[in-house]
Amino acid sequence: MTPAEILARFDAEMRIDPPPRPGVQYERVGNVVRGFGTWHAVVFARLTSANADAAIAEQVAFFHAIANTAGARAIEWKVYGHDTPADLGSRLSAVGFEPDEPETLMVLDLAAPPRAGDAGAELSDATATPLGIDIRRVTGAAGLADLIAAGSAAFGRSEAEQMARIGRELSARLGDPALSLHVAYAAGRPVAGARLECPPERSFAGLWGGGTIPEYRGRGIYRALVQTRAQEARRRGYRYLRVDARETSRPILERLGFVSLTRIIEWRLALPPQ
């Protein structure tokens, strides 16, 4: 499949008909798909210059109306590079949404044979864990605490609140077969963590939360965590591995065979306190 065909398949499977998420209900209103509950988000929109402003106002009003009955405290609206209209981000900014740092939607075709000499060939081989690093699957509360501690140290104080929220969500999902959590340890200390989401009846497994604490970066730990999760996704029968990559991760993923599909900017609007 071409990148454009993969992107269309991604839209159909992951945005227009999003996989279940605990505590979140999805519904489609016109050309907008939104989720609400413990997480408020617009996950898909196909709008025009003529109706975009009205659709944005409608979504903001909806989430404000349920602000006192649900747990989320902000609205998230991910704008993909192919979403319309082309100035959708500017229209969100005009009503108070603030952008997060740009990311790139990248995919790895797990069924494609690796090219000779391609660094991505190592994703088909036995896991090559860096010397002195032990990667473990999280099975309980202690491992989850290590995952959150490593993530908080990796991503910094600015994302501490988000990591705490993620920790609460993951705690309720420790028995979920669609979730796979991994922590990398050095001399017993958690130094990196990551998760794999395996939504049922979809082609795309997802990489999330991959981060290494500053003093252990550049040692191949991030790559080993990608490798571990890629092998698991392949064993589970997924065709593609997707990731919303930050600029720091994109070059590593490209060397491993991932292909860029489109840019993403997540826009957030805080809801009034309860």
S.K.: Checking side-chain contact (heavy atoms from CB on, under 4.5 Å) for the pair V226/V243: CA distance, chi angles, key distance, verdict?
M.R.: CA-CA 10 Å; V226 171; V243 58; over 6 Å; no

S.K.: Kindly indicate whether the side chain of F155, heavy atoms from C-beta on, has any atom under 4.5 Å from the side chain of R246.
M.R.: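 Yes. Closest side-chain heavy atoms under 4.5 Å.
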
S.K.: Verify whether one side chain among R46 and T84 offers a donor that lies under 3.5 Å from an acceptor in the other.
M.R.: no

S.K.: Nearest 0.5 Å, what's the OG-CD1 distance between S152 and I166?
M.R.: 9.0 Å

S.K.: Salt bridge check: are D244 and R242 linked by an N-O gap of less than 4.0 Å?
M.R.: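 Yes, D244 and R242 are salt-bridged.
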
S.K.: Carefully, step by step, assess R195 and S180 under the rule side chain to side chain donor-acceptor pair (under 3.5 Å).
M.R.: CA-CA 6 Å; R195 77 180 191 268; S180 181; over 6 Å; no

S.K.: Is the backbone of G89 close enough, under 3.5 Å, to the side chain of S93 for a donor and an acceptor to pair up by distance?
M.R.: no

S.K.: Do D100 and R268 sit within salt-bridge range, that is, some charged N less than 4.0 Å from a carboxylate O?
M.R.: no

S.K.: Among R236, R229, R173, which residue meets the salt bridge (Lys or Arg N to Asp or Glu O under 4.0 Å) test with E197?
M.R.: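 When salt bridge (Lys or Arg N to Asp or Glu O under 4.0 Å) is applied between E197 and each of R236, R229, R173, only R173 qualifies.
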
S.K.: So which atom in I213 and which in A153 form the shortest heavy-atom distance, rounded to 0.1 Å?
M.R.: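 That would be CG2-CB, 3.5 Å.
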
S.K.: Applying side-chain contact (heavy atoms from CB on, under 4.5 Å) to E76 and H40, what does each step give before you reach the verdict?
M.R.: CA-CA 6 Å; E76 299 179 14; H40 292 340; over 6 Å; no

S.K.: What is the minimum heavy-atom distance between A205 and C198, and which atoms define it?
M.R.: CB-SG, 4.4 Å

S.K.: Can you tell me how far CG of L88 sits from CH2 of W77, rounded to the nearest 0.5 angstrom?
M.R.: 6.0 Å

S.K.: According to a 4.5 Å side-chain heavy-atom criterion applied to Ile, Leu, Val, Met, Phe, Trp and Tyr, with indirect links allowed, do L105 and F44 form part of one hydrophobic cluster?
M.R.: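 L105 and F44: separate clusters.
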
S.K.: Less than 3.5 Å apart, which donor and acceptor atoms pair up between the side chains of residues 23-30 and the rest of the protein, not counting sequence neighbours?
M.R.:
unit_1: E27; atom_1: OE2; unit_2: R34; atom_2: NE; d: 2.8
unit_1: E27; atom_1: OE2; unit_2: R34; atom_2: NH2; d: 2.6
unit_1: R28; atom_1: NE; unit_2: G30; atom_2: O; d: 3.0

S.K.: A cation-pi test, strictly: NZ or CZ of R21 under 6.0 Å from the centre of the six-membered ring of W39 and no more than 45 degrees from its axis. Yes or no?
M.R.: yes

S.K.: Within the side chain of E5, is there an N or O that forms a donor-acceptor pair under 3.5 Å with the backbone of T2?
M.R.: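 Yes; judged by distance alone, with no hydrogens or angles, the pair exists.
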
S.K.: Looking only at non-hydrogen atoms, find the nearest pair between P199 and P19 and report the distance.
M.R.: CB-CB, 3.5 Å

S.K.: Report the hydrophobic cluster partners of V259, with the cluster defined as I, L, V, M, F, W, Y residues connected by side-chain heavy atoms closer than 4.5 angstrom, directly or transitively.
M.R.: none

S.K.: Identify whether the distance between the nearest side-chain nitrogen and carboxylate oxygen of D134 and R136 falls below 4.0 Å.
M.R.: yes

S.K.: Kindly work out whether a path of hydrophobic side-chain contacts (I/L/V/M/F/W/Y, heavy atoms less than 4.5 Å apart) joins Y238 to M106.
M.R.: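 Cluster IDs for Y238 and M106 match.
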
S.K.: Hydrogens and angles aside, do R263 and T104 bring a side-chain donor and acceptor to less than 3.5 Å of each other?
M.R.: yes

S.K.: Would you say W267 and I264 are hydrophobically clustered, going by side-chain heavy atoms of ILVMFWY under 4.5 Å?
M.R.: no

S.K.: Quick one: closest heavy-atom pair of T38 and P22, and the distance?
M.R.: OG1-O, 3.7 Å

S.K.: Can you tell me how far apart NZ (K78) and CD (E103) are? Round to the nearest 0.5 Å.
M.R.: 6.0 Å

S.K.: Is the closest side-chain heavy-atom distance between H82 and L7 below 4.5 Å?
M.R.: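 Sidechains of L7 and H82: in contact.
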
S.K.: Taking C-beta and beyond as the side chain, do Q59 and I75 meet within less than 4.5 Å on heavy atoms?
M.R.: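 No. Closest side-chain heavy atoms not under 4.5 Å.
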
S.K.: Where do A184 and I133 come nearest, in terms of heavy atoms and distance?
M.R.: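 What the structure gives for the nearest pair is CB-CG2, 3.9 Å.
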
S.K.: Are any of the side-chain heavy atoms of D146 and V138 separated by less than 4.5 Å?
M.R.: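 D146 vs V138: side chains apart.
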
S.K.: I'd like to know whether V42 forms a side-chain contact (heavy atoms from CB on, under 4.5 Å) with V32, so could you lay out the CA-CA distance, the side-chain angles of the two residues, the decisive distance to 0.1 Å, and finally the verdict.
M.R.: CA-CA 7 Å; V42 173; V32 173; 3.9 Å; yes

S.K.: Let me check something: do L110 and V107 share a hydrophobic cluster, defined by ILVMFWY side-chain heavy atoms less than 4.5 Å apart, either directly or through other members?
M.R.: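 Hydrophobic grouping puts L110 apart from V107.
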
S.K.: Taking ring-ring contact (aromatic ring centres under 6.0 Å, His included) as the cut-off, I'd like each qualifying pair that reaches into residues 173-204, sequence neighbours left out, listed once.
M.R.: F10-F204, F204-Y240

S.K.: Is there a donor-acceptor pair closer than 3.5 Å between any side-chain N or O of R202 and the backbone N or O of E13?
M.R.: yes

S.K.: Under the criterion side-chain contact (heavy atoms from CB on, under 4.5 Å), I'd like the reasoning laid out for L196 against L241: C-alpha separation, chi angles, the key distance, then a yes or no.
M.R.: CA-CA 9 Å; L196 174 69; L241 197 60; 3.9 Å; yes

S.K.: Please report the interatomic distance CZ(R223) to CG(L253), rounded to the nearest 0.5 Å.
M.R.: 11.5 Å

S.K.: Regarding R15 and the six-membered ring of Y80, is the cationic atom NZ or CZ under 6.0 Å from the ring centre and inside 45° of its axis?
M.R.: yes

S.K.: Just how far is it from atom CG of L225 to atom OG1 of T212, taken to the nearest 0.5 Å?
M.R.: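 Separation between the atoms: 6.5 Å.
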
S.K.: Would you say that T48 contacts P85 through its side chain, given a criterion of any heavy-atom pair below 4.5 Å between the two side chains?
M.R.: no

S.K.: Report yes if the side chains of P272 and H64 come closer than 4.5 Å at any heavy-atom pair, otherwise no.
M.R.: yes

S.K.: State, to 0.1 Å, how close A224 and I135 come at their nearest heavy-atom pair, and which atoms those are.
M.R.: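 Between these two residues, the closest heavy atoms are CB-CD1, 3.8 Å.
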
S.K.: Starting from W208, can I reach L144 by hopping between I/L/V/M/F/W/Y residues whose side chains sit under 4.5 Å apart?
M.R.: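 No, L144 and W208 fall in different hydrophobic clusters.
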
S.K.: Taking atom CG of L92 and atom CG of L269, what is their separation to the nearest 0.5 Å?
M.R.: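 If I round to the nearest 0.5 Å, the distance is 9.0 Å.
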
S.K.: If we count only N and O atoms by modelled type, under 3.5 Å, do the side chains of S260 and R250 hold a donor and an acceptor together?
M.R.: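 No, no side-chain donor-acceptor contact under 3.5 Å.
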
